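Given the structure is predicted, the values throughout are model-derived calculations rather than measurements.
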Amino acid sequence: MSVRKAKIGVIGAGAWGTALAQVLSAGQDELLLWAREADVVAQINNLHENQTFLPGHPLRPHVRATQDMDALAQCEALLIVTPAQHLRTTLKDLPDGNAALILCSKGIEEATQQLMSEVVQEIRPDNRLAVLSGPTFAHEVAQGLPTALTLACDREETWKTLYPLIAKPTFRPYFSDDIVGAEIGGAVKNVLAIGCGVVEGAGLGQNARASIIGRGFAEMLRYGAARGANAETLSGLCGLGDLVLTCSSASSRNFSLGKGLGEGQSADALLSNRATVAEGASTAPVLQQDAKARAVDMPIVDAVCALLTGETDSRSVVAQLMGRPLVSEQR
């Protein structure tokens, strides 16, 4: 007896969306990948490669790209991988249906300070909701290298429905019921990764980078607590795990942005020359604003914001951080 293969769709054909389409297409008759760009659709369908955003990684022939959002109407699960600031528009463009929505974008909406899940709950309140987050580089996922992530779901029943669709031998999603925690880990680590890149670019050493990771994690915990996240979630794959990976390699778009800032380049020049989005640059100012409104002290986030706006330089920022009062490490 043949086993029915559920249809999965991925919305957003950047590097991460393409890598997800590749790994999740194993065992599927067809996996639909929606792209905004006509040339990306043509590359994927004709050359079986996304030469624009994930060059050098052949895709399975049954990964099929489309610009027609309605083509995803029959999908049982949709992974949404568009940039965070475009999520609201993407949700409004989705075809009607009860597909489970799996958020893979990491950030906080600038206009509303809402988490991505809050935007979904406002625009598509009847759809089941999950957040997929964790320590991942797209090129490694596309190669089939071992990866573990958090799949945070609105209820355990959602998890039981979704994990059989996306779990693969080298792609292991672990359950959490803390959607807020999973989102905060993914959003905050992008900003902290910029700070670690600054340390690298300025040649300030590995000790300083480790300090940014450790003290940055404390900021993540404080902010998470203020928004109702569980500390245990942030200590796991989608928090500390993702933070360590993103703060340790130029494969991270946010780390490489910070590295350029640390080398003395301007944020405007660095951001204008990028084909891909460094989410931390958009998240930093809204995170800073929301943290201040909640009376959460986040000095590293403040420093990254100052660098992005050109208010200060990397060495001045580090000197300021190192000159902060010595208090209990838990504060």
Side-chain angles (χ1 to χ4, degrees), residues 11-14 16-17 34-37 69 78-96 101-127 129-133 152 154 178-195 219-220 222-229 238 246 253-254 257-258 267-268 270-272 274-298 300-311:
I11 298 176
W16 183 218
W34 179 87
R36 187 176 301 278
E37 306 88 351
M69 192 75 81
L78 296 174
L79 287 85
I80 302 180
V81 204
T82 53
Q85 304 311 319
H86 297 286
L87 176 65
R88 184 176 292 271
T89 299
T90 300
L91 292 172
K92 292 178 179 179
D93 290 340
L94 289 181
D96 293 336
L101 304 181
I102 305 174
L103 296 177
C104 306
S105 306
K106 299 174 179 179
I108 304 172
E109 191 175 51
E110 292 177 8
T112 64
Q113 298 178 5
Q114 289 181 325
L115 299 174
M116 300 295 96
S117 61
E118 294 171 329
V119 177
V120 172
Q121 288 159 358
E122 178 185 335
I123 305 298
R124 299 292 296 249
D126 296 329
N127 291 78
L129 175 63
V131 170
L132 185 68
S133 185
D154 55 2
D178 183 11
I179 284 180
V180 170
E183 285 208 83
I184 286 175
V188 175
K189 64 91 183 178
N190 281 335
V191 180
L192 300 175
I194 296 175
E219 293 188 21
M220 181 187 291
R222 289 198 294 270
Y223 182 70
R227 293 204 69 151
C238 59
T246 311
R253 289 168 288 184
N254 294 287
L257 170 62
D268 287 343
L270 289 165
L271 293 170
S272 64
R274 288 174 173 267
T276 57
V277 176
E279 291 280 19
S282 297
T283 300
V286 66
L287 175 59
Q288 181 189 47
Q289 183 180 359
D290 192 46
K292 290 185 182 300
R294 298 172 188 271
V296 178
D297 187 29
M298 303 188 79
I300 297 173
V301 172
D302 292 340
V304 169
C305 288
L307 285 167
L308 289 170
T309 57
E311 296 174 25

Once rounded to the nearest 0.5 Å, what's the spacing between atom [atom1] of [X] and atom [atom2] of [Y]?
X: I80; Y: I102; atom1: CD1; atom2: CD1; result: 9.0 Å
X: L307; Y: I194; atom1: CG; atom2: CD1; result: 9.5 Å
X: L78; Y: C104; atom1: CG; atom2: SG; result: 10.5 Å

Can you list the residues that meet the side chain to side chain donor-acceptor pair (under 3.5 Å) rule with [X], with sequence neighbours excluded?
X: E109; result: R88, T112
X: Q121; result: none
X: R124; result: N127
X: E37; result: none

For this session: Evaluate side-chain contact (heavy atoms from CB on, under 4.5 Å) for I123 paired with L94, printing each intermediate quantity in order.
Result: CA-CA 10 Å; I123 305 298; L94 289 181; over 6 Å; no

For this session: Take I11 and V81, measure what side-chain contact (heavy atoms from CB on, under 4.5 Å) needs, and give me the verdict at the end.
Result: CA-CA 6 Å; I11 298 176; V81 204; over 6 Å; no

Exercise. Okay, side chain of Q85, backbone of E110: is any donor-acceptor separation there less than 3.5 Å?
Worked result: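 Yes, the answer is positive, given that a donor and an acceptor are paired below the 3.5 Å cut-off.
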
Exercise. Under the 3.5 angstrom rule, does the side chain of E219 hit a backbone N or O of I300 as a donor-acceptor pair?
Worked result: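 It does hold such a pair.
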
For this session: Can you establish whether the number of heavy atoms outside R36 located under 6.0 Å from its atom CZ is more than 12?
Result: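 No, CZ of R36 has 12 or fewer neighbouring heavy atoms, counting only those of other groups under 6.0 Å.
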
Would you please name every residue forming a side chain to side chain contact (heavy atoms under 4.5 Å, CB included) with [X], sequence neighbours left out?
X: A225; answer: none
X: D154; answer: R128, L129, T158, I179
X: D268; answer: S266
X: E311; answer: A306, T309

Problem set entry | For the student: nearest non-hydrogen atoms of A226 and R294, plus distance |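 That closest heavy-atom pairing would be O-NH1, 3.6 Å.
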
For this session: Heavy atoms only: give me the nearest S133-C238 pair and the separation to one decimal.
Result: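 S133 and C238 have their closest heavy atoms at O-CB, 3.8 Å.
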
Problem set entry | T82 vs T89, side-chain contact (heavy atoms from CB on, under 4.5 Å): CA-CA, chis, key distance, verdict | CA-CA 10 Å; T82 53; T89 299; over 6 Å; no

For this session: Could you pull out all residues at least two apart from R227 that satisfy salt bridge (Lys or Arg N to Asp or Glu O under 4.0 Å)?
Result: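 Partners of R227 under the salt bridge (Lys or Arg N to Asp or Glu O under 4.0 Å) test: E118, D290.
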
Give every donor-acceptor pair under 3.5 Å between a side-chain atom in residues 182-190 and any protein atom, sequence neighbours left out.
{"residue": "E183", "atom": "OE1", "partner": "M116", "partner atom": "N", "Å": "2.9"}
{"residue": "E183", "atom": "OE1", "partner": "S117", "partner atom": "N", "Å": "3.3"}
{"residue": "E183", "atom": "OE2", "partner": "S117", "partner atom": "N", "Å": "2.8"}
{"residue": "E183", "atom": "OE2", "partner": "S117", "partner atom": "OG", "Å": "2.4"}
{"residue": "K189", "atom": "NZ", "partner": "T246", "partner atom": "OG1", "Å": "3.2"}
{"residue": "N190", "atom": "OD1", "partner": "N254", "partner atom": "ND2", "Å": "3.0"}
{"residue": "N190", "atom": "ND2", "partner": "G186", "partner atom": "O", "Å": "3.3"}

For this session: Run the numbers on K292 and D302 for side-chain contact (heavy atoms from CB on, under 4.5 Å), then give the verdict.
Result: CA-CA 10 Å; K292 290 185 182 300; D302 292 340; 3.9 Å; yes

Problem set entry | Sub-4.5 Å side-chain heavy-atom contact between L103 and L132 |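 Answer no - side chains too far apart.
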
Contacts under 3.5 angstrom, residues 279-287 side chains, donor-acceptor by atom type, not counting sequence neighbours:
{"residue": "E279", "atom": "OE2", "partner": "A84", "partner atom": "N", "Å": "2.9"}
{"residue": "T283", "atom": "OG1", "partner": "E279", "partner atom": "O", "Å": "3.0"}

